[in-house]
Visitor: 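Shown below is the structure under consideration.
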Amino acid sequence: MPELPEVETVKNGLAPVWLNQTIRRVELRRENLRYPFKPDFKETLEGARVTQMSRRGKYMIVSLNKGQHLIIHLGMSGSFKIEGSLYVPVKHDHVLFYLSNDKTLIYNDPRRFGFMVLVEDIEVYPPFKIMGPDPLGNDFNAPYLKRKFKTLETPIKTALLNQSLIAGIGNIYACEALHMAGISPLKPVQKISLSKLELLTQSIRDVLFKAIEVGGSSLKDHRQADGSLGYFQHQFTVYGRENALCLTCKRETNHIKRIVQAGRSTFYCPHCQR
DNA sequence: CGGGCCACCTGGCGGC
DNA sequence: TGCCGCCAGGTGGCCC
């Protein structure tokens with residue numbers, strides 16, 4: 001499910017229910033997600049109050065009054081539900097947080113690529129140490145990309161997925177942003193001009209903001225925390241549209257193409273994207 | 001060091 | 001209906 005817009009949506013949906021509440025009890029319905037839960041996981045969380053909720057790239061951060069931070073990654077299929085205190089777990093409900101407001105937060109994750117980790121210090125968490133700037137923030141701009149891309153031969157699509165260059169972009173929004181900017185996913189990053197990079201950074205911001213506005217993309221698993229679906233999938237211009245007409249050039253001779261780059265599907269219009 | 005490949009895991013879908 | 005292969009929003013380890 002979750003790229004930056006989906007994680008942002010989930011965080012914003014959980015915040016009104018979770019923020020300032022005490023976690024009365026944590027129920028682990030298995031011993032691991034992607035990684036085993038640390039022995040003190042449950043004990044540390046129980047009795048703690050949530051003082052802040054934030055996001056870094058595709059990670060959600062739940063900060064506690066005791067000083068620790070609960071870091072949550074949704075993997076490919078992780079989602080949250082908000083229910084009452086009498087909720088009965090269903091398949092793939094792995095972690096339940098019972099809160100002081102009698103709400104229950106349920107983490108469901110069929111594929112279990114997601115994970116939860118407790119850390120004392122956010123800044124030393126390895127994924128954050130190597131993470132690039134957030135594309136919605138001020139540190140992300142064309143000159144930054146120009147500098148980073150200078151010596152790289154990687155195709156731009158692959159580079160956009162590299163979390164140490166830019167945090168939070170995944171397969172959908174990489175494809176969508178490149179289409180909006182009219183840049184071929186195959187283009188080696190070295191060769192992209194500063195003015196094209198200006199266009200690209202703006203396209204990335206545009207597509208992410210628009211997706212957040214409508215609650216992210218619901219393909220299979222993603223739901224907003226209140227259970228409602230996101231709607232951005234209806235606005236995909238290339239993702240998942242192999243052989244369909246490009247909505248920009250509408251040329252019958254140049255339909256949307258699907259290729260594989262670094263093991264992931266890339267969708268693009270060979271006519272509009274050069 | 002960069003880049004490619006594959007594993008991790010479950011489920012949905014299309015083809016036969 | 002059933003089985004099989006392929007595909008899926010991510011990350012990270014291993015190998016060259």
Side-chain angles (χ1 to χ4, degrees), chain A residues 1-11 29-37 55-60 71-80 90-95 107-117 125-132 135 148-178 185-186 188-190 204 207-208 210-212 214-224 229-243 258-267:
Chain A
M1 140 171 119
E3 303 182 32
L4 187 154
E6 290 73 34
V7 179
E8 183 71 17
T9 300
V10 169
K11 184 210 68 177
R29 304 191 71 241
R30 50 179 301 124
E31 61 193 26
N32 67 304
L33 288 172
R34 176 175 183 147
Y35 309 116
F37 291 106
R55 176 190 59 74
R56 280 209 195 180
K58 302 173 192 173
Y59 295 74
M60 182 162 67
I71 295 176
I72 302 175
H73 195 292
L74 303 172
M76 291 276 264
S77 57
S79 65
F80 273 93
V90 297
K91 199 172 184 185
H92 304 307
D93 284 347
H94 304 310
V95 185
Y107 179 74
N108 182 289
D109 187 354
R111 294 178 74 182
R112 302 200 307 272
F113 288 169
F115 51 90
M116 299 186 190
V117 191
Y125 182 56
F128 292 168
K129 281 208 291 190
I130 59 167
M131 189 174 281
K148 285 291 187 180
F149 288 173
K150 207 165 207 167
T151 60
L152 284 183
E153 297 187 37
T154 322
I156 183 64
K157 158 69 182 339
T158 311
L160 292 182
L161 295 181
N162 184 337
Q163 302 298 299
S164 66
L165 293 172
I166 312 154
I169 300 179
N171 210 31
I172 292 177
Y173 298 105
C175 293
E176 293 296 320
L178 285 171
L186 299 160
V189 291
Q190 269 179 336
I204 289 170
V207 76
L208 295 179
K210 281 180 183 156
I212 292 169
V214 299
S217 305
S218 292
L219 291 189
K220 292 186 179 67
D221 306 290
H222 171 67
R223 293 197 167 245
Q224 301 187 46
L229 297 167
Y231 287 95
F232 194 73
Q233 66 278 12
H234 302 304
Q235 295 180 44
F236 288 170
T237 59
V238 285
Y239 186 84
R241 300 191 64 245
E242 186 180 12
N243 296 327
R258 174 185 176 272
I259 59 174
V260 174
Q261 293 179 282
R264 320 279 312 270
S265 288
T266 299
F267 299 90

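Residue numbering restarts at 1 for every chain, and letters A, B, ... go by the order of the sequence lines.
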Visitor: Counting heavy atoms from C-beta on, name the nucleotide in C:dC7, B:dG11, B:dC9 closest to the side chain of A:Ser265.
Guide: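 Comparing C:dC7, B:dG11, B:dC9 against the side chain of A:Ser265, the answer is C:dC7.
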Visitor: Give the rounded distance in Å between these two atoms: CG of A:Leu161 and C1' of C:dA8.
Guide: 14 Å
Visitor: Rounded to whole Å, how long is the line connecting atom CG of A:Asn32 with atom P of C:dT11?
Guide: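 Taking CG of A:Asn32 and P of C:dT11, I get 19 Å after rounding.
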Visitor: Kindly indicate whether the side chain of A:Glu6, heavy atoms from C-beta on, has any atom under 4.5 Å from the side chain of A:Leu74.
Guide: no
Visitor: With respect to the side chain of A:Tyr59, which nucleotide from C:dG10, B:dT10, C:dT11 is positioned closest?
Guide: C:dT11
Visitor: A:Tyr239: what forms a ring-ring contact (aromatic ring centres under 6.0 Å, His included) with it, not counting sequence neighbours?
Guide: A:Phe236, A:Phe267
Visitor: With sequence neighbours left out, what residues match A:Val90 under side chain to side chain contact (heavy atoms under 4.5 Å, CB included)?
Guide: A:Lys81, A:Tyr87, A:Asp93, A:Asn108
Visitor: What is the separation between atom NE2 on A:His73 and atom P on C:dG10, rounded to the nearest whole Å?
Guide: 8 Å
Visitor: With sequence neighbours excluded, what pairs up with A:Arg55 under the side chain to side chain contact (heavy atoms under 4.5 Å, CB included) test?
Guide: A:Leu4, A:Val7, A:Glu8, A:Lys11, A:Asp134, A:Leu136
Visitor: How many whole angstroms separate atom CZ of A:Phe236 from atom P of C:dG9?
Guide: 10 Å
Visitor: Using side-chain heavy atoms (C-beta onward) and a distance below 4.5 Å, is A:Arg30 in contact with A:Arg112?
Guide: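 SC-SC contact between A:Arg30 and A:Arg112 confirmed.
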Visitor: So A:Phe232, base contact, sugar-phosphate only, or nothing? Heavy-atom distance under 4.0 Å.
Guide: nothing
Visitor: Can A:Phe113 be classed as stacking with the base of B:dC8, given a centroid separation cut-off of 5.5 Å and a plane angle cut-off of 30°?
Guide: yes
Visitor: Can you establish whether the number of heavy atoms outside A:Gln190 located under 6.0 Å from its atom CD is more than 12?
Guide: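 Result for CD/A:Gln190: enclosed.
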Visitor: Give every donor-acceptor pair under 3.5 Å between a side-chain atom in residues 154-172 of chain A and any protein atom, sequence neighbours left out.
Guide:
unit_1, atom_1, unit_2, atom_2, d
A:Lys157, NZ, A:Asn171, OD1, 2.8
A:Lys157, NZ, A:Ser265, O, 3.3
A:Lys157, NZ, A:Thr266, OG1, 2.8
A:Asn162, OD1, A:Ser164, N, 2.9
A:Asn162, OD1, A:Ser164, OG, 2.6
A:Gln163, OE1, A:Gly168, N, 2.7
A:Gln163, NE2, A:Leu161, O, 3.1
A:Gln163, NE2, A:Ile169, O, 3.0
A:Asn171, ND2, A:Ser265, O, 3.0

Visitor: Could you work out the separation of B:dG3 and C:dG9 based on their C1' atoms and round it to a whole Å?
Guide: 22 Å
Visitor: Ignoring backbone atoms, establish whether A:Lys91 has a side-chain N or O less than 4.0 Å from OP1 or OP2 of B:dT10.
Guide: no
Visitor: What distance, rounded to whole Å, do you find between the two P atoms, one in B:dG11 and one in C:dT11?
Guide: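 B:dG11 and C:dT11 have their P atoms separated by 22 Å.
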Visitor: Just verifying a value: how many Å separate A:Leu208 CG and A:Lys210 NZ, rounded to the nearest 0.5 Å?
Guide: 11.0 Å
Visitor: Do the side chain of A:Arg112 and the base of B:dC9 come within less than 3.5 angstrom through a donor-acceptor pair of N or O atoms?
Guide: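 No pair found.
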Visitor: Considering only atom C1', compute the distance from C:dC6 to B:dC6 and round it to an integer number of Å.
Guide: 16 Å
Visitor: Whole-Å distance between C:dT11 P and A:Phe115 CZ?
Guide: 7 Å
Visitor: Report the distance from atom CG of A:Leu165 to atom P of C:dG10, rounded to the nearest whole Å.
Guide: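 Taking CG of A:Leu165 and P of C:dG10, I get 15 Å after rounding.
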Visitor: For A:Arg56, which residues count as a side chain to side chain contact (heavy atoms under 4.5 Å, CB included) partner, sequence neighbours excluded?
Guide: A:Ile61, A:Ile122, A:Glu123, A:Phe128, A:Met131
Visitor: Which nucleotide sits closest to the side chain of A:Asn171: C:dG12, B:dC9, C:dG9?
Guide: C:dG9
Visitor: Just jot down the side chain to side chain contact (heavy atoms under 4.5 Å, CB included) partners of A:Gln235, sequence neighbours excluded, or say none.
Guide: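 Scan of A:Gln235 (side chain to side chain contact (heavy atoms under 4.5 Å, CB included), adjacent residues dropped) gives A:Val214, A:Phe232.
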Visitor: What is the distance, to the nearest angstrom, from the CG atom on A:Leu4 to the P atom on C:dT11?
Guide: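 Taking atom P of C:dT11 as the reference, CG of A:Leu4 is at 11 Å.
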Visitor: Please identify each residue that fulfils ring-ring contact (aromatic ring centres under 6.0 Å, His included) with A:Phe113, with sequence neighbours left out.
Guide: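 Applying ring-ring contact (aromatic ring centres under 6.0 Å, His included) to A:Phe113 gives none.
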Visitor: For nucleotides 2-7 of chain B, read 5' to 3', which letter fits each nucleotide if B means a protein heavy atom sits under 4.0 Å from the base, S means only the sugar-phosphate is that close, and - means neither?
Guide: -S----
Visitor: Round to a whole Å and report the spacing from OH of A:Tyr173 to P of C:dG10.
Guide: 10 Å
Visitor: Name the stems that DNA chain B belongs to, where each is three or more consecutive Watson-Crick or G-U pairs with both distances under 3.5 Å?
Guide: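 Detected stem regions: B:2-8 with C:10-16, B:10-16 with C:2-8.
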Visitor: When you measure from the side chain of A:Pro127, which nucleotide among C:dA8, C:dT11, C:dG12 comes out closest?
Guide: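 The closest nucleotide is C:dG12.
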Visitor: Nearest to the side chain of A:His92 - C:dC7, B:dG11, C:dG9?
Guide: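 So the side chain of A:His92 is nearest to B:dG11.
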Visitor: Identify whether any heavy atom of A:Tyr239 sits under 4.0 Å from a base atom; if not, whether one sits that close to sugar-phosphate; answer base, sugar-phosphate or nothing.
Guide: sugar-phosphate
